[in-house]
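Presented below is the structure to which this report refers.
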Amino acid sequence: MITLALSKGRIFEETMPLLAAAGIEVTEDPDKSRKLILPTTRPDVRVVLVRASDVPTYVQYGGADLGVTGLDVLLEHGNQGLYQPLDLKIAACRLSVAVRAEYDYANAVKQGARLKVATKYVNLAREFFARKGVHVDLIKLYGSMELAPLTGLADAIVDLVSTGNTLKANQLVEVERIMDISARLVVNQAALKLKREPIRRIVDAFASAVPQT
Ligand code: ATP
Ligand code: PRP
């Protein structure tokens, strides 16, 4: 049995065409079912639904053989025990620093101010600001980062941006682009040895279905 870990929402939806290219269809709709293990048209392949931030953990410890996860989640978690064969070029966005439109970020940085930064990505934010030599107090949040500067909880946020609509709707502006993000296929290293052939076939099919840029 090959187990693929996916999160509901955009990762699940955007992975479906890649699975189809590998000749695999999920036979139950995750939005209509409470099931966490979904069968596929291949009796030897199943999909497990986990929280987006739990995908690397499932694959690292062998709860799943393969998984699809954002580079943001992967880097925040750490790559230990994970083989990362492919950039799937789906769920594309960027990790950025944003502030209230009236906040003079460049000046605060120039003055050496200590910034309060709210984010779900504390490890990535710590590394980024340390590299810049900016002192920060990090505030860990689990969602709706955009609210933090609006309520005075933080001076800045580190969050994902795609269209920029969420920032705009909350009068925030992007002041630094930390990195480009897309979803990655990750594989458990032991599974790669023990189930080499079936995993290689899935990885190859995904690779041929990824749009070339
Ligand atoms: P969790 O449930 O663990 O809090 P989440 O709600 O962040 O996770 P999703 O919103 O489905 O989960 O995001 C999954 C991945 O999709 C992210 O890790 C990121 O790589 C990517 N992503 C997030 N937001 C966007 C966006 N607006 N546009 C494109 N890709 C995005
Ligand atoms: C993500 C991210 C931003 C938003 C950015 O949230 O956390 O809030 O997308 O996208 P935009 O630049 O196109 O507006 P998402 O929509 O995944 O909601 P969630 O945080 O509740 O998962």
Side-chain angles (χ1 to χ4, degrees), residues 4-19 26 29-36 38 47-61 63-64 66-79 82 84-101 117-125 127-128 138-151 153-187 206 210-211 213:
L4 170 68
L6 296 177
S7 53
K8 273 192 186 183
R10 59 171 63 83
I11 294 283
F12 184 90
E13 279 144 29
E14 297 188 31
T15 302
M16 286 308 103
L18 300 173
L19 267 182
V26 178
D29 180 348
D31 293 329
K32 296 200 180 119
S33 158
R34 298 287 300 164
K35 277 192 194 165
L36 298 172
L38 303 179
V47 167
V48 291
L49 294 175
V50 303
R51 276 291 288 269
S53 43
D54 289 336
V55 169
T57 308
Y58 267 82
V59 178
Q60 177 180 358
Y61 295 110
L66 306 128
V68 177
T69 180
L71 182 63
D72 49 329
V73 171
L74 186 60
L75 295 179
E76 183 66 20
H77 173 270
N79 284 340
L82 295 173
Q84 187 196 308
L86 273 186
D87 177 353
L88 300 177
K89 313 246 177 89
I90 57 171
C93 52
R94 55 195 187 269
L95 185 71
S96 294
V97 181
V99 297
R100 270 183 303 123
V117 178
T119 186
K120 165 161 135 179
Y121 304 100
V122 283
N123 294 325
L124 292 176
E127 279 166 34
F128 173 72
L138 293 166
I139 302 166
K140 166 87 184 183
L141 290 179
Y142 292 87
S144 302
M145 264 77 83
E146 293 85 1
L147 197 54
L150 305 179
T151 54
L153 181 69
D155 302 310
I157 58 171
V158 168
D159 195 10
L160 301 174
V161 181
S162 173
T163 59
N165 289 342
T166 309
L167 292 182
K168 209 161 151 199
N170 293 290
Q171 287 94 47
L172 299 175
V173 291
E174 187 177 7
V175 286
E176 301 225 45
R177 194 178 176 126
I178 301 177
M179 66 177 75
D180 288 331
I181 301 287
S182 53
R184 309 298 159 120
L185 182 66
V186 287
V187 184
F206 271 38
V210 169
T213 44

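Both counts, for ligands and for their atoms, begin at 1 and track the order of listing.
- Taking a cut-off of under 4.0 Å to the non-hydrogen atoms of I181, the atoms of ligand 1 that pass are 20 (O).
- Contact record, T69 with A52: OG1-O, 4.2 Å, taken as the closest heavy-atom pair.
- Applying the side-chain contact (heavy atoms from CB on, under 4.5 Å) rule to V173 yields the partners V99, A101, V175; only residues at least two apart in sequence or on another chain are considered.
- The side-chain contact (heavy atoms from CB on, under 4.5 Å) test with Y121 singles out one residue from L160, L138, I178, and that residue is L160.
- When each atom of ligand 1 is checked for a heavy atom of S162 under 4.0 Å away, the hits are 26 (C), 27 (N), 28 (N).
- Here the closest non-hydrogen pair linking E14 and A91 is OE1-N, 2.7 Å.
- Looking at atom 8 (O) of ligand 1, its nearest protein heavy atom turns out to be A52 CB, 3.3 Å.
- Expressed to the nearest 0.5 Å, how far CG of L124 lies from CD1 of I181 amounts to 7.5 Å.
- Residue, atom and distance of the protein heavy atom nearest to atom 13 (O) of ligand 1 are R10 NH1, 3.6 Å.
- Each of L153, I157, D159 was evaluated against L141; a single residue qualifies, L153, per the side-chain contact (heavy atoms from CB on, under 4.5 Å) test.
- The shortest contact between atom 2 (O) of ligand 1 and any protein heavy atom is with R51 NE, 2.8 Å.
- Residues passing the side-chain hydrogen bond (donor to acceptor under 3.5 Å, both in side chains) test with D180, sequence neighbours excluded: R177.
- Applying the side-chain hydrogen bond (donor to acceptor under 3.5 Å, both in side chains) test to S96 and every residue at least two apart in sequence or in another chain returns E174.
- With ligand atoms numbered from 1 in the order given, ligand 1 contributes 22 (N), 29 (C), 30 (N), 31 (C) to contacts under 4.0 Å with heavy atoms of C93.
- Atom 30 (N) of ligand 1 lies below 4.0 Å from at least one non-hydrogen atom of the protein.
- Considering backbone and side-chain atoms together, K120 places an N or O closer than 3.5 Å to an N or O of ligand 1.
- The ligand atoms of ligand 1 that sit less than 4.0 angstrom from a heavy atom of A92 are 28 (N), 29 (C), 30 (N).
- Closer than 4.0 angstrom to ligand 2 by heavy atom are R10, E146, D159, L160, V161, S162, T163, G164, N165, T166, sorted by chain and number.
- Counting heavy atoms from C-beta outward, R100 and D155 have side chains that stay 4.5 Å or more apart.
- Given atom 18 (O) of ligand 1, the protein heavy atom at minimum distance is D72 OD2, 2.8 Å.
- Each of the atoms 18 (O) of ligand 1 lies under 4.0 Å from some heavy atom of V73.
- Between A91 and ligand 1, an N or O atom pair is found at a separation short of 3.5 Å.
- The closest donor-acceptor contact from the side chain of R184 to the backbone of L88 lies at 3.5 Å or more, if one exists at all.
- Near S53, with a cut-off below 4.0 Å to any heavy atom, the atoms of ligand 1 are 3 (O).
- Nearest protein heavy-atom neighbour of atom 14 (C) of ligand 1: I11 CG1, 3.8 Å.
- The line from CG of L6 to OH of Y58 is 13.0 Å long, rounded to the nearest 0.5 Å.
- Side chains of V59 and L66 form no contact here, defined as non-hydrogen atoms less than 4.5 Å apart.
- Proximity of a side-chain donor or acceptor of N170 to a complementary backbone N or O of L172 within less than 3.5 Å is not detected.
- Counting heavy atoms from C-beta outward, V210 and D87 have side chains that stay 4.5 Å or more apart.
- Of all atoms in ligand 1, numbered sequentially from 1 with element shown, those under 4.0 Å from a heavy atom of G70 are 20 (O).
- Of all the heavy atoms of A183, none lies under 4.0 Å from any atom of ligand 1, so neither backbone nor side chain is involved.
- Of the polar atoms of S7, none of the N or O atoms is found under 3.5 Å from an N or O of ligand 1, judged by distance alone.
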